[in-house]
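Taking it in order: structure first as structure tokens, then the write-up.
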Amino acid sequence: MVEHSTNILPGSVAGAISGNAARLSEALSSHMRASFHPDTRKTLRKFHPAEVSELTGISLSNLRTRHQESDFPEVETDSRGRRLYTAQDIDAIREVMAKTGRNGETYLPGRRPGDPLQVVSIVNFKGGSSKTTSAIHLAQRYALRGYRVLAIDMDPQASLTTMFGFSPEIEFTAGGTIYDALRYQDPVPLSQIIRKTYFHKLDLAPAGLLLSEYETETAYALQHKIDPPFTQRLSIALDEVEDLYDLVIIDCPPQLGFTTMTALLASTGLLITVVPSMLDVASMAQFLEMAGETIRTLEEVTGPSDWNFLKFLIARYEPTDVPQSQMAGFLRSILLDQVLTTPMLKSTAISDAGMTQQTIYELEPTQVVKKTLDRILESVNGVADEFEAVIQQAWGRRTD
């Protein structure tokens with residue numbers, strides 16, 4: 001007689017789920033420990049002259065001349081004598097140009113006296129909308145452009161933290177994340193949990209699974225009127241480090257809970273990512289409606305939110321997909337200039353780089369087909385540059 005599987009879970013369903021979770025967690029931890037060495041950190045590649053020219057606005061001919069005249073510091077060269085630049089080298093060149101170049105201040109695009117810290121939350125109600133991808137590429141691009149950037153991971157899944165080469169499952173099980181600065185019992189100064197990254201001028205406030213506790217703790221704090229309330233906690237934390245940064249980029253979780261609201265109410269501007277499909281746009285409409293009602297209710301207590309801008313980014317865009325193109329046009333017809341002109345394209349270069357926890361800025365140009373890399377760089381750089389103009393305008397600067 002043939003025995004057939006009944007697919008009945010042994011014991012309770014909850015026990016089976018918990019058992020599977022424990023086994024997967026242990027296997028993942030073992031795998032991570034076997035492949036990850038605590039003393040090992042990611043490093044950033046060096047950049048070629050054409051990349052330095054694009055990042056700084058210095059022509060290739062002027063770059064060569066300045067080196068020949070010893071205006072710029074010496075840099076490493078490869079076997080063919082071609083110069084290779086670290087991010088620190090690029091920053092040093094930018095400082096020289098600020099002192100000696102025409103319109104020198106344009107080489108230092110960050111805050112000037114009187115400019116407020118710009119805090120940008122990147123949000124979407126739905127997962128898979130390129131929220132984290134957008135956050136890390138913008139943060140890295142702006143650091144390479146000369147801004148002092150703090151990236152804050154507000155998602156307990158900690159994808160942004162992982163992309164920076166950290167292992168939350170190993171390193172932050174006992175603390176050391178943004179949760180420590182936001183928690184209601186004995187919060188620590190934000191400066192104590194900020195980590196330097198392998199990107200010059202780019203720091204990270206990491207996340208971990210403990211951050212999920214913030215939701216239930218906030219509900220308890222509201223019930224018992226514990227101060228300061230969630231509406232102020234991130235703003236207060238940022239006050240301590242405000243002078244150290246020009247920009248703060250926040251990767252929010254894909255739901256409208258207390259964690260997301262904490263980020264939104266500390267922000268000076270929002271960037272909402274949206275995939276141009278009917279389901280994603282419908283989901284975004286729900287998110288906007290819920291966010292609007294929630295913030296309106298909070299403003300009755302806290303006063304009006306002071307955002308400098310609200311922008312939408314069309315993400316994972318495929319120009320040859322007719323329904324996507326139609327939906328992108330629909331969004332632009334409704335939201336007008338709130339939608340960034342440049343979309344972030346869907347690209348195998350981004351997904352392939354993500355498999356090794358890299359971005360397109362970290363890839364060696366030889367790792368990707370040149371046409372593919374050029375195409376996605378044009379898209380991502382275009383998004384970053386257009387959004388940079390929005391930030392500059394928030395500081396009252398002309399960008400034309």
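Being a predicted model, the structure only gives us computed values, none of them experimental. If you read the sequence from its start, that first residue is 1, and numbering goes on from there. Values below: every heavy atom of this structure, side chains too, minus hydrogens, waters and symmetry copies.
Using a 30° and 60° split on the angle between ring planes, Tyr147 and Tyr142 fall in the perpendicular class, above 60°.
Listed for the Glu213 side chain is no donor-acceptor partner under 3.5 Å among the backbone atoms of Leu210. Looking only at distances, no side-chain donor or acceptor of Lys131 sits under 3.5 Å from a matching main-chain atom of Asp251. In this structure, the side chain of Arg233 engages the main chain of Arg183 through a donor-acceptor pair within 3.5 Å. Between the side chain of Asn103 and the main chain of Thr106, no donor-acceptor pair closer than 3.5 Å is present. At least one donor-acceptor pair closer than 3.5 Å links the side chain of Thr260 to the backbone N or O of Gln255. A donor-acceptor distance shorter than 3.5 angstrom exists from the side chain of Thr297 to the backbone of Glu293, with no hydrogens or angles considered. For the pair Gln392 (side chain) and Arg397 (backbone), a donor-acceptor distance under 3.5 Å is absent. A donor-acceptor contact shorter than 3.5 Å is absent between the side chain of Gln140 and the backbone of Thr359. Between the side chain of Ser167 and the main chain of Ile170, no donor-acceptor pair closer than 3.5 Å is present.
The cluster map of Ile, Leu, Val, Met, Phe, Trp and Tyr, joined by side-chain heavy atoms under 4.5 Å apart, puts Leu247 and Val241 in the same cluster. Under the 4.5 Å side-chain contact rule for hydrophobic residues, Leu373 and Leu84 do not share a cluster. Tracing side-chain contacts under 4.5 Å through hydrophobic residues (I, L, V, M, F, W, Y), one reaches Ile250 starting from Leu288; they form part of the same cluster. Grouping the Ile, Leu, Val, Met, Phe, Trp and Tyr side chains by contacts below 4.5 angstrom, directly or via other members, places Tyr214 with Tyr220. Residues Leu340 and Val275 do not share a hydrophobic cluster, clusters being chains of Ile/Leu/Val/Met/Phe/Trp/Tyr side chains in contact below 4.5 Å.
Residues Pro206 and Phe164 form no side-chain contact, since every pair of their non-hydrogen atoms from C-beta on lies 4.5 Å or further apart. Counting only heavy atoms from C-beta outward, the side chains of Leu63 and Phe72 approach each other to under 4.5 Å. Side-chain contact between Leu271 and Ser121: absent, with no pair of heavy atoms (C-beta onward) separated by less than 4.5 Å. Between Ser347 and Ser379 there is no side-chain heavy-atom pair separated by less than 4.5 Å. Taking 4.5 Å as the limit, every side-chain heavy atom of Leu270 sits out of range of all side-chain heavy atoms of Lys311. Side-chain contact between Leu182 and Leu234: present, with at least one pair of heavy atoms (C-beta onward) separated by less than 4.5 Å. At least one side-chain heavy atom of Leu160 sits under 4.5 Å from a side-chain heavy atom of Leu204. At a threshold of 4.5 Å between non-hydrogen side-chain atoms, the residues Leu313 and Ile272 do not count as touching.
In terms of the side chain to side chain contact (heavy atoms under 4.5 Å, CB included) criterion, residue partners of Gln393 (sequence neighbours excluded) are, by chain and number, Thr399.
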Between Gln358 and Thr356, does the side chain to side chain donor-acceptor pair (under 3.5 Å) criterion hold? Intermediate values first, please. CA-CA 6 Å; Gln358 290 181 299; Thr356 53; 3.0 Å; yes
Working for side chain to side chain contact (heavy atoms under 4.5 Å, CB included), residues Gln357 and Lys42: CA-CA 10 Å; Gln357 296 177 13; Lys42 292 177 71 175; 4.2 Å; yes
For side chain to side chain donor-acceptor pair (under 3.5 Å), just list the numbers for Asn308 and Gln118, CA-CA rounded to whole Å, side-chain angles, deciding distance to a tenth of an Å, and then say yes or no. CA-CA 9 Å; Asn308 295 321; Gln118 293 297 327; 3.2 Å; yes
Should Thr259 and Glu215 be marked as a side chain to side chain donor-acceptor pair (under 3.5 Å) after you check the CA-CA gap, both sets of side-chain angles, and the distance that decides it? CA-CA 7 Å; Thr259 307; Glu215 293 290 325; 2.6 Å; yes
Side chain to side chain donor-acceptor pair (under 3.5 Å) between Thr86 and Asp89, intermediate numbers included: CA-CA 5 Å; Thr86 65; Asp89 292 333; 3.1 Å; yes
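The residues Glu242 and Arg111 are annotated as salt-bridged, a charged nitrogen and a carboxylate oxygen being separated by less than 4.0 angstrom. With respect to the salt-bridge test (charged N to carboxylate O, under 4.0 angstrom), the residues Lys371 and Asp374 do not qualify. For Glu362 and Lys46, the salt-bridge test fails: no basic side-chain N is under 4.0 Å from an acidic carboxylate O. Salt bridge status for Glu69 with Arg66: absent, with no side-chain N to carboxylate O gap under 4.0 Å. Looking at Lys201 and Asp91, a side-chain N of the basic residue comes within less than 4.0 Å of a carboxylate O on the acidic one, giving a salt bridge.
For Gln157, the CD atom is loosely surrounded, since the number of other residues' heavy atoms within 6.0 Å does not exceed 12. At most 12 heavy atoms of other shown residues, nucleotides or ligands fall within 6.0 angstrom of atom CZ in Phe330. For Lys346, the NZ atom is loosely surrounded, since the number of other residues' heavy atoms within 6.0 Å does not exceed 12. With a 6.0 Å radius and a threshold of 12 heavy atoms from other residues, nucleotides or ligands, Leu117 has its CG atom above the threshold. Within 6.0 Å of CZ in Arg148 there are more than 12 heavy atoms belonging to other residues, nucleotides or ligands.
Remark: Arg45 is positioned above the aromatic ring of Phe47, its terminal NZ or CZ atom under 6.0 angstrom from the ring centre and at most 45 degrees off the axis.
The two residues Ala139 and Ala151 come nearest to each other via the heavy atoms CB-CB, 4.5 Å. For Ala207 against Ala158, the heavy-atom pair with the smallest separation is O-CB, 3.6 Å. Counting all heavy atoms, side chain and backbone alike, Ala143 lies closest to Leu202 at CB-CB, 3.8 Å. Residue Ile314 comes nearest to Ala328 through the heavy atom pair CD1-CB, 3.7 Å, listed as atom of the first residue, atom of the second, then distance.
Listed by first and then second residue, the ring-ring contact (aromatic ring centres under 6.0 Å, His included) pairs that reach into residues 289-323 are Phe309-Phe387, sequence neighbours excluded. Applying the side-chain hydrogen bond (donor to acceptor under 3.5 Å, both in side chains) definition to pairs two or more places apart or across chains, those involving residues 273-283 are Ser129-Thr273, Ser277-Asp280.
The distance from the OG1 atom of Thr133 to the CZ atom of Arg316 is 8.0 Å, given to the nearest 0.5 Å. Leu331 CG to Gln338 CD: the interatomic distance, rounded to the nearest 0.5 Å, is 11.0 Å. For the atom pair CG (Asp352) and CD1 (Ile376), the distance works out to 11.5 Å, reported to the nearest 0.5 Å. Met327 CE to Asp321 CG: the interatomic distance, rounded to the nearest 0.5 Å, is 11.0 Å. Annotation: the span from Leu44 atom CG to Gln88 atom CD amounts to 8.0 Å, rounded to 0.5 Å. Distance check, rounded to the nearest 0.5 Å: CG of Leu150 to CG of Leu238 gives 7.0 Å.
The one candidate from Glu54, Glu388, Glu51 that meets the salt bridge (Lys or Arg N to Asp or Glu O under 4.0 Å) condition with Arg141 is Glu54.
In summary, the side chains of Tyr245 and Asp203 do present a donor paired with an acceptor at a separation below 3.5 Å, with no hydrogens or angles considered.
Aromatic rings from His67 and Tyr85 are positioned such that their centres are separated by under 6.0 Å. You'll find the ring centres of Phe258 and Phe230 inside the 6.0 Å limit.
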